[in-house]
Every structure is written in C-alpha cells, then in structure tokens.
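Report on the structure given below.
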Amino acid sequence: MSSSRNVSIEELLRSAEEREESGDALGAEALLGRVISLRPEFSLAWYRRGMLRLFEQAAFEEALADLSRAEELGVDQVGIPGSQLHYLLGECLFGLERFEEADARLQRGLVGEQDEVLRAEIYFRRAECAEVLARPEALREALTGFLAHKAAFLDSGGDEEQVQRAETRLAALSSGP
C-alpha cells in the first residue's frame, strides 16, 4: 500500500470524481485542492474545482477565481474547449449579478461551440441577462437562438416549461410593447 505522499495526481483526480459522483462535494473539493497544492500549474484541477464550486455549492466567487486561474493556465491542452470555459465563467458572473460581464462571456461561449444543448443553455442565460439589462433586441436575439435549439434541449431532458416561457416572452416581444 502506498503512502499518501506517493498517491499520483491521476489517483487523486479519480478519487475526487468518485467523491463527487457519490455526493461528497466537500471531499471532492479537498482532493482537488490537494492536486492544486501539488501541481499549481495543472489547469484541469482548477477547472474541475471551479465547476464543483459553481454547480454543487453555488460558490460563485470561489468558482470564478478557480475558473479564471484555469483560463490563465490554459485549458486547451487538457481538452477543455474555450467555449465551455467562457460559458462557465458567464454562469459565475451571472450568479454574482454582474450581468454585463456575464453576457460578454456567454457571447464568447457561443463562438465555436457545436453542442446544441450547450448553445441552448448559453442563449437562455443571455436572454436572462438581456432581460435584466433591459435590452429588448438582445433579448429577442437570445430567445430566438434558444428556441432554434429547442429540440436538442428537450431531448436532453430540458424543462418544457422553460421552452414555453421563452416562446411566450418572444411572442410578447414580437407583438410590441
């Protein structure tokens, strides 16, 4: 049996993933923190901890810091598309109610993104930003983009009510003030 000092980065990452899948977000976060302390230049660990903090803990400030660090280090070499990172950073900024910055990041997330479900999610979040920022044209564009990916969104288990709200809001925009 190897000592804890001899545990490889890969084993720590695997253990973190297992902890996260079993619902132990704090345990997964601790393991990812250990990876970061051992290899602070390893962008994947920063990225994964940022995602964990964003989606499991709604710790937007901490997630933003981790994902920003992952961006600084570069995520392309570990197979993370830049568009996905921009989406996640946009989600953090949205959670922090920094809507202008969130929308800019989300817009960047659309560039080169091929996954229709993720595109739908990005467009929907951009619509929410546009609503808060009182930008009716941007809202119309974002809702249209979201609805263009409606089938993929629903096929992936997306919320039918979310689609209905988007259709209703777009119809209201189209009929005028």
Side-chain angles (χ1 to χ4, degrees), residues 17 20-21 23 25 28 43-44 46-177:
E17 187 172 345
E20 186 178 354
E21 288 173 358
S43 63
L44 181 61
W46 291 97
Y47 176 83
R48 290 205 23 216
R49 190 173 75 176
M51 282 187 54
L52 179 79
R53 288 175 163 176
L54 174 62
F55 292 119
E56 299 296 327
Q57 301 169 350
F60 302 116
E61 198 70 52
E62 293 86 352
L64 180 62
D66 283 353
L67 292 167
S68 294
R69 183 65 180 136
E71 181 180 39
E72 290 168 14
L73 293 168
V75 293
D76 291 338
Q77 72 269 15
V78 292
I80 307 295
S83 57
Q84 189 171 7
L85 183 61
H86 289 301
Y87 163 68
L88 295 171
L89 288 163
E91 286 290 316
C92 293
L93 292 162
F94 186 88
L96 293 168
E97 298 183 1
R98 292 165 53 184
F99 302 114
E100 190 82 41
E101 293 169 87
D103 187 52
R105 279 296 186 158
L106 293 164
Q107 176 63 35
R108 289 175 67 187
L110 288 170
V111 176
E113 181 54 58
Q114 300 298 314
D115 183 280
E116 286 191 59
V117 177
L118 184 55
R119 288 183 71 81
E121 294 286 351
I122 292 171
Y123 275 119
F124 191 82
R125 186 60 85 202
R126 287 199 72 218
E128 291 178 309
C129 289
E131 187 89 62
V132 171
L133 296 169
R135 295 182 178 157
E137 285 305 312
L139 177 58
R140 180 179 288 112
E141 177 187 318
L143 290 171
T144 300
F146 171 70
L147 293 170
H149 301 285
K150 172 173 83 172
F153 177 76
L154 291 172
D155 287 347
S156 74
D159 185 3
E160 178 73 41
E161 288 181 28
Q162 189 175 342
V163 171
Q164 290 171 350
R165 286 192 310 272
E167 289 172 336
T168 300
R169 185 65 180 109
L170 184 59
L173 282 171
S174 298
S175 65

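Basis for what follows: all heavy atoms, side chains included, without hydrogens, waters or symmetry-related copies.
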Mind checking the [atom1]-[atom2] spacing from [X] to [Y]? Nearest 0.5 Å is all I need.
| X | Y | atom1 | atom2 | answer |
| --- | --- | --- | --- | --- |
| Ser68 | Leu88 | OG | CG | 11.0 Å |
| Arg169 | Phe146 | CZ | CZ | 14.5 Å |
| Arg98 | Leu64 | CZ | CG | 5.5 Å |
| His149 | Leu147 | NE2 | CG | 10.0 Å |
| Leu89 | Asp66 | CG | CG | 10.5 Å |

Could you list all the ring-ring contact (aromatic ring centres under 6.0 Å, His included) pairs where at least one residue sits in residues 84-105, not counting sequence neighbours?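 Sorted pair list: Phe94-Phe99.
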Sequence neighbours left out, what pairs pass ring-ring contact (aromatic ring centres under 6.0 Å, His included) with at least one residue falling in residues 49-83?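 Sorted pair list comes back empty.
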Using the test side-chain contact (heavy atoms from CB on, under 4.5 Å), find all partners of [X] that sit at least two apart in sequence or belong to another chain.
| X | answer |
| --- | --- |
| Glu161 | Asp159, Gln164, Arg165 |
| Thr144 | Arg140, Leu170 |
| Thr168 | none |
| Ala25 | Leu52, Glu56, Gln57 |

How far apart are the C-alpha atoms of Glu101 and Leu96, what are their side-chain angles, what is the distance that settles it, and do they pass the side chain to side chain contact (heavy atoms under 4.5 Å, CB included) test? CA-CA 10 Å; Glu101 293 169 87; Leu96 293 168; over 6 Å; no
Search all heavy atoms of [X] against all heavy atoms of [Y] and return the closest pair with its distance.
| X | Y | result |
| --- | --- | --- |
| Ala102 | Cys129 | CB-SG, 4.0 Å |
| Val75 | Ala70 | CG1-O, 3.6 Å |
| Ile80 | Asp76 | O-OD1, 3.4 Å |
| Ala127 | Leu143 | CB-CD2, 3.8 Å |
| Leu73 | Ser43 | CB-CB, 3.7 Å |
| Gly109 | Ser83 | O-CB, 3.1 Å |

Side chain to side chain contact (heavy atoms under 4.5 Å, CB included) between Phe153 and Gln162: does it pass, once the steps are laid out? CA-CA 10 Å; Phe153 177 76; Gln162 189 175 342; 3.4 Å; yes
If the condition is side-chain hydrogen bond (donor to acceptor under 3.5 Å, both in side chains), which residues does [X] pass it with, not counting sequence neighbours?
| X | value |
| --- | --- |
| Glu167 | Lys150 |
| Glu20 | none |
| Gln107 | Arg126 |
| Arg48 | none |

Under the salt bridge (charged side-chain N to carboxylate O under 4.0 Å, His left out) test, which residues partner Glu17, sequence neighbours left out?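 Salt bridge (charged side-chain N to carboxylate O under 4.0 Å, His left out) list for Glu17, sorted by chain: empty.
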Are Arg135 and Glu100 ion-paired here, with the side-chain N under 4.0 Å from a carboxylate O?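 Here Arg135 pairs with Glu100 in a salt bridge, since their nearest N and O are under 4.0 Å apart.
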Flag yes if more than 12 heavy atoms outside Glu160 fall under 6.0 Å of its CD atom; otherwise flag no.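 Atom CD in Glu160 is crowded, with more than 12 foreign heavy atoms closer than 6.0 Å.
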Can you give the donor-acceptor pairs under 3.5 Å from side chains of residues 117-125 to other protein atoms, not counting sequence neighbours?
from   : atom 1 : to     : atom 2 : distance (Å)
Arg119 : NH1    : Leu110 : O      : 2.8
Arg119 : NH1    : Glu113 : O      : 3.1
Arg119 : NH2    : Tyr123 : OH     : 3.4
Arg125 : NE     : Glu91  : OE1    : 3.4
Arg125 : NE     : Glu91  : OE2    : 3.0
Arg125 : NH1    : Glu128 : OE1    : 2.4
Arg125 : NH2    : Glu91  : OE1    : 2.9

